[in-house]
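To start, the structure itself, in structure tokens.
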Amino acid sequence: MARPTRTEVVVPELPEVETVRAGIERHVVGRTVATAEVLNPRAVRRDPAGPDGFAAAMTGRTFLRAERRGKYLWFALDDSEALLAHLGMSGQLLVGEPDRPLSPHVRARFTFTDGGPDLRFTDQRTFGHLMLTEIADGERRLVPEPIAHIAADPLEAAFDAKDFAARLVHKKTQVKRALLDQSLISGVGNIYADEALWRAKLHWARPTETLKPAEVSRLLDAVRDVLTEALKAGGTSFDALYVNVNGESGYFDRSLHAYGREGEPCDRCATPIRRDAFMNRSSYSCPRCQRRPRAWQPPVVG
DNA sequence: CTTCAAACCTGTGGGC
DNA sequence: TGCCCACAGGTTTGAA
């Protein structure tokens with residue numbers, strides 16, 4: 001039984017990041033940074049200005065909006081610049097009383113000129129990062145320059161379902177790899193990829209080029225449903241490593257059908273869920289509902 | 001151009 | 001008890 005427990009780590013995907021964005025928004029928008037402090041330089045490793053340059057450039061800036069695409073969120077600082085954040089595997093953005101104890105995993109801290117609650121970027125595994133960056137043209141939307149290459153996520157207006165379908169079936173890869181490819185569709189990680197595939201009754205190894213239009217449509221519907229339901233539940237989170245802006249854990253984990261359920265009965269057919277090694281991680285699927293594709297032969301041309 | 005996999009990182013838990 | 005190692009995984013980078 002590998003079902004995630006409250007002590008396991010679960011990475012923030014689109015629903016969790018959106019929960020953070022919405023929670024942070026009302027606490028920081030309209031406020032001006034009094035001090036910016038980088039406690040671990042790795043937190044700003046992608047910012048060419050370095051820790052000191054980053055801190056100096058953030059001082060005096062005002063948070064205007066909180067936006068998100070896929071798993072990235074950012075705070076617009078003016079028309080041309082933004083503070084971009086990725087939570088990585090264990091990142092949190094926490095708002096609280098400025099004089100509360102500094103936990104050992106706080107990587108960056110911002111105080112505000114109004115003397116109110118501060119903002120802390122906490123990240124145990126340090127895969128997340130912050131950077132101050134230019135705004136640029138992304139996929140049908142203005143976004144921070146470093147993420148101009150990622151695709152729209154399926155919950156935003158800029159997402160083009162026809163374009164996604166065309167690009168998906170044109171790929172020469174397995175369907176789960178495609179779902180995790182942020183330049184094709186953003187916001188989906190390992191958990192929701194498995195959940196969407198279970199819901200759409202598709203095996204993770206299915207070659208994308210063999211997907212029929214109805215299957216692509218079913219898959220996209222499944223992705224949207226899974227993300228939307230998780231968002232309603234406040235994001236999946238199993239332990240203290242991931243909490244929302246107010247420090248509350250989510251509770252969507254009870255509705256997972258595939259992820260982390262090795263050996264447990266499928267909720268549709270009771271066949272034990274299996275776990276496969278995949279891309280140096282795990283894929284969970286129902287061996288009966290999600291049939292492994294037969295060996296596929298390329299079409300003969302001519 | 002595309003696809004793929006190593007590397008980055010640290011806390012946890014199982015095995016011995 | 002304590003040590004070691006596998007595992008968790010999003011993204012970048014470089015190789016093929």
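In what follows, chains are A, B, ... by sequence order, proteins preceding strands, each numbered from 1. All heavy atoms count here, side chains included; hydrogens, waters and symmetry mates do not.
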Rounded distance (Å) that lies between atom [atom2] of [N] and atom [atom1] of [X]:
X	N	atom1	atom2	result
A:E262	B:dG14	CD	P	14 Å
A:R68	C:dG10	CZ	P	16 Å
A:F127	B:dG11	CZ	C1'	13 Å
A:L179	C:dG10	CG	P	12 Å
A:R45	B:dA7	CZ	P	17 Å
A:Y259	C:dG9	OH	C1'	8 Å
A:H105	B:dT12	NE2	C1'	12 Å
A:L184	B:dC4	CG	P	13 Å

Of A:S285, A:S283, A:S282, the one forming a side chain to side chain donor-acceptor pair (under 3.5 Å) with A:R275 is A:S282
Q. Can you say whether the rings of A:H257 and A:W198 are parallel (under 30°), tilted (30 to 60°) or perpendicular (over 60°)?
A. parallel
Nearest-nucleotide check on DNA chain B, A:R107 vs A:D181; residue mapping nearer the 5' end is A:D181
Indicate whether OP1 or OP2 belonging to [N] is found under 4.0 Å from a side-chain N or O atom of [X].
X	N	value
A:N280	B:dA6	yes
A:R125	C:dG10	no
A:S282	C:dC7	no
A:T173	B:dC4	yes
A:R42	B:dC8	no

Would you say CG of A:D79 has more than 12 non-hydrogen atoms from neighbouring residues, nucleotides or ligands within 6.0 angstrom? no
**Asked** For the side chain of A:Q290 and the backbone of A:L202, is there at least one donor-acceptor N/O pair under 3.5 Å apart?
**Response** yes
| said: Please check: side-chain N/O of A:R288 versus main-chain N/O of A:T271, any donor-acceptor pairing under 3.5 Å? | reply: no
Counting primed atoms, P, OP1 and OP2 as sugar-phosphate and everything else as base, the B/S/- map of nucleotides 11-16 of chain C against protein heavy atoms under 4.0 Å is SS----
Is the Lys NZ or Arg CZ of A:R69 less than 6.0 Å from the centre of A:F159's six-membered ring, within 45° of the axis? no
dist A:H203:NE2 -> A:R291:CZ (nearest 0.5 Å) comes out at 11.0 Å
